[in-house]
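No hydrogens, no waters, no symmetry mates; every other heavy atom, side chains included, goes into these values.
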Amino acid sequence: MYALEIDGLKKTYKSGVQALKGINLTVEQGDFFALLGPNGAGKSTTIGVISSLVNKSEGKVLVSGHSIDDDLIAAKSCIGLVPQEFNFNQFETLQQIVVNQAGYYGVPRHIAKERAEKYLKQLELWDKRNSPARSLSGGMKRRLMIARALMHEPKILILDEPTAGVDIEIRRSMWTFLKKINEQGITIILTTHYLEEAEMLCRNIAIIDKGTIVENTSMKALLSKLNMETFVLDLDVSNGRTARLEGFEHRLLDNHTLEVDVAKEAGLNPVFNQLTEQGIQVLSMRNKTNRLEELFVRLLESGRDGGNANG
Amino acid sequence: MANHKLVALRTIWIKEITRFMRIWVQTLVPPAITMTLYFVIFGSLIGNRIGQMGGFSYMEFIVPGLIMMSVITNAYSNVSSSFFSAKFQNNIEEMLVAPVPTWVIIGGFVGGGVARALLIGIIVTCVSLLFVDLQIHHFAAIVITLILTATLFAAAGLVNAVFAKTFDDISMVPTFVLTPLTYLGGVFYSLSLLPDFWQVVSKANPIVYMVNGFRYGFLGVSDVSFSTSIGVLIAFNVILFAIAYRLLDKGVGIRH
């Protein structure tokens with residue numbers, strides 16, 4: 001049984017905008033799944049339909065085997081949703097928000113209070129439990145929405161751009177937290193604009209554009225499609241020599257910085273060997289662009305050109 | 001699962017009651033002050049010159065109507081403002097994503113409105129005791145009329161909030177519909193004072209039945225029979241709850 005099965009999902013809004021044009025998608029139980037796409041691609045509409053905030057026009061959605069048409073109550077009980085926009089009552093305290101949310105799922109109040117302590121502590125919000133939500137910083141509000149979504153201990157956690165507008169330190173602590181709860185067995189479905197985030201966290205990925213899935217595969221398989229990468233090398237040229245490479249496209253950005261295109265099958269060793277022969281040491285190295293970002297752009301472009309989406 | 005629904009219902013009640021208690025200066029104090037002014041001006045100052053109405057002092061006559069007026073206004077405004085705020089801030093989504101049946105959402109919000117209306121009813125009754133010795137003719141009639149009126153206007157407030165797109169939309173109905181109907185609903189006068197034609201017209205105003213049912217409970221006098229009052233109240237309750245259920249179940253104004 002899949003955590004999520006979507007079959008032929010279509011959505012046309014009253015305005016006539018066709019947000020989803022028949023998407024098919026499966027997410028394995030326990031997966032850490034990324035749903036990527038540009039603004040307006042249909043990510044939030046898909047999440048809206050799964051979490052029953054948006055009425056679908058056509059198609060089937062099964063959540064942990066429960067159809068949202070025939071067994072909506074059971075389907076809803078399996079999902080915890082972290083929406084893109086802050087949607088809690090700004091005047092309520094953190095504890096009221098999370099305890100009430102548990103109550104909507106039928107969790108008795110005394111258990112809800114115990115869970116509130118557990119999750120607010122895990123997300124480093126316990127000290128603020130009696131403060132009104134409006135007094136929180138942006139990062140704290142994002143973490144509050146994660147705590148709220150976990151209060152009924154769902155099987156699937158859906159996060160719609162959970163780290164948007166969050167500083168790097170908090171983003172990384174949120175990644176650690178999400179990895180931890182995924183290891184505990186919760187399926188995580190994530191939409192994000194930070195491709196580094198998807199690459200770092202997710203095992204499987206779907207790319208959606210203009211209401212259509214243009215790619216649905218494992219992160220590993222997707223990244224393997226990238227056969228040329230550009231690296232930026234910081235060099236120690238204290239011997240005064242200028243770096244030169246035979247057999248590689250390369251550009252010297254300044255005397256200390258070399259940009260080189262490396263085919264996957266060639267590997268990096270020949271580059272290091274040639275530089276070592278010239279008496280030049282490599283001090284550090286990085287990818288010029290995020291690998292996933294490069295693929296993402298290619299896939300969208302090829303999809304829009306009607307070409308092969310395999311880049 | 002039934003127990004789960006009761007937990008959800010209780011949660012919405014707690015949330016709603018906490019909300020109006022948190023802003024008690026806006027929700028509980030104004031009706032007490034307004035009604036005190038009504039009692040002083042219409043009851044004591046002007047009322048003494050009016051003399052008796054329906055066999056009672058003018059003050060005794062208007063007290064049930066004024067309590068009912070507070071109940072109607074507060075039941076309505078509590079639900080309309082709370083539900084619209086939840087819609088406006090999107091926190092209604094907290095309930096929509098959860099397995100909360102439509103009747104629980106309606107019961108929760110209406111229950112919150114009724115709780116505020118009853119509390120205001122008690123406060124205004126206590127204030128009225130400073131001015132008049134209240135008699136009780138039929139306690140059960142008072143309770144039944146009070147609860148049916150509060151549920152009716154709480155449900156009406158919910159329907160208004162479902163359709164509302166701006167805060168103006170939730171203040172229009174109280175200003176242009178509720179207030180005129182209440183003032184013309186026999187709070188300050190007996191329908192028997194009106195010419196025959198206007199007596200008939202007045203009987204199309206549902207608030208007449210609520211005020212008179214309530215007045216019957218206190219004083220034992222009424223312009224319409226108590227059973228008619230209860231019948232009208234039940235009929236309007238059924239209609240409004242059915243509308244509210246249909247709207248929320250279809251997701252009007254809350255689902256895309």
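For chain B, no part of A:V49 is nearby; none of its heavy atoms comes within less than 4.5 Å. Both the backbone and the side chain of A:Q90 come within contact range of chain B, each with at least one heavy atom under 4.5 Å from a heavy atom of that chain. Only the side chain of A:L81 comes within less than 4.5 Å of a heavy atom in chain B; its backbone stays farther off. For a residue to count as touching a neighbouring chain, one of its non-hydrogen atoms must lie under 4.5 Å from one of that chain's; by this rule A:F86 touches chain B with the backbone only. For chain A, no part of B:S85 is nearby; none of its heavy atoms comes within less than 4.5 Å. Heavy atoms closer than 4.5 Å to chain B are found in both the backbone and the side chain of A:F88. Only the side chain of A:K11 has a heavy atom closer than 4.5 Å to any heavy atom of chain B.
Taking B:V100, B:I14, B:V97 one by one and counting their heavy-atom pairs under 4.5 Å with chain A, the maximum is reached by B:V97. Contact count versus chain A (heavy atoms, under 4.5 Å) is highest, among B:I105, B:I92, B:L96, B:I254, for B:L96. Interface remark: of the candidates A:I79, A:V99, A:N55, A:N55 forms the most heavy-atom pairs closer than 4.5 Å to chain B.
The environment of NZ in B:K87 is crowded: more than 12 heavy-atom neighbours from other residues, nucleotides or ligands sit within 6.0 Å. Counting heavy-atom neighbours within 6.0 Å of B:F88 CZ, excluding the residue itself, gives a total of 12 or less. The number of heavy-atom neighbours closer than 6.0 Å to CD of A:E85, taken from other residues, nucleotides and ligands shown, is 12 or below. Under a cut-off of 6.0 angstrom, the local environment of NZ in A:K128 is sparse, with at most 12 non-hydrogen atoms contributed by other residues, nucleotides or ligands. Sparse packing is recorded around CZ of B:R10, with 12 or fewer heavy atoms of other residues, nucleotides or ligands lying under 6.0 Å away.
B:E16 contributes atom CD, which lies 10.0 Å from atom CG of A:N100 (distance to the nearest 0.5 angstrom). A distance of 9.5 Å separates CD of B:Q89 from CG of A:N87, quoted to the nearest 0.5 Å. Rounding to the nearest 0.5 Å places CG of A:N89 at 5.5 Å from NZ of B:K15.
The minimum heavy-atom distance linking B:E94 with A:I97 is given by the pair OE2-CG2, 3.9 Å.
With contacts defined as side-chain heavy-atom distances shorter than 4.5 Å, the pair B:R22/A:Q96 qualifies.
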Legend entry - Stepwise side-chain contact (heavy atoms from CB on, under 4.5 Å) check, A:Y104 with B:I12: CA-CA 8 Å; A:Y104 302 146; B:I12 303 176; 3.8 Å; yes
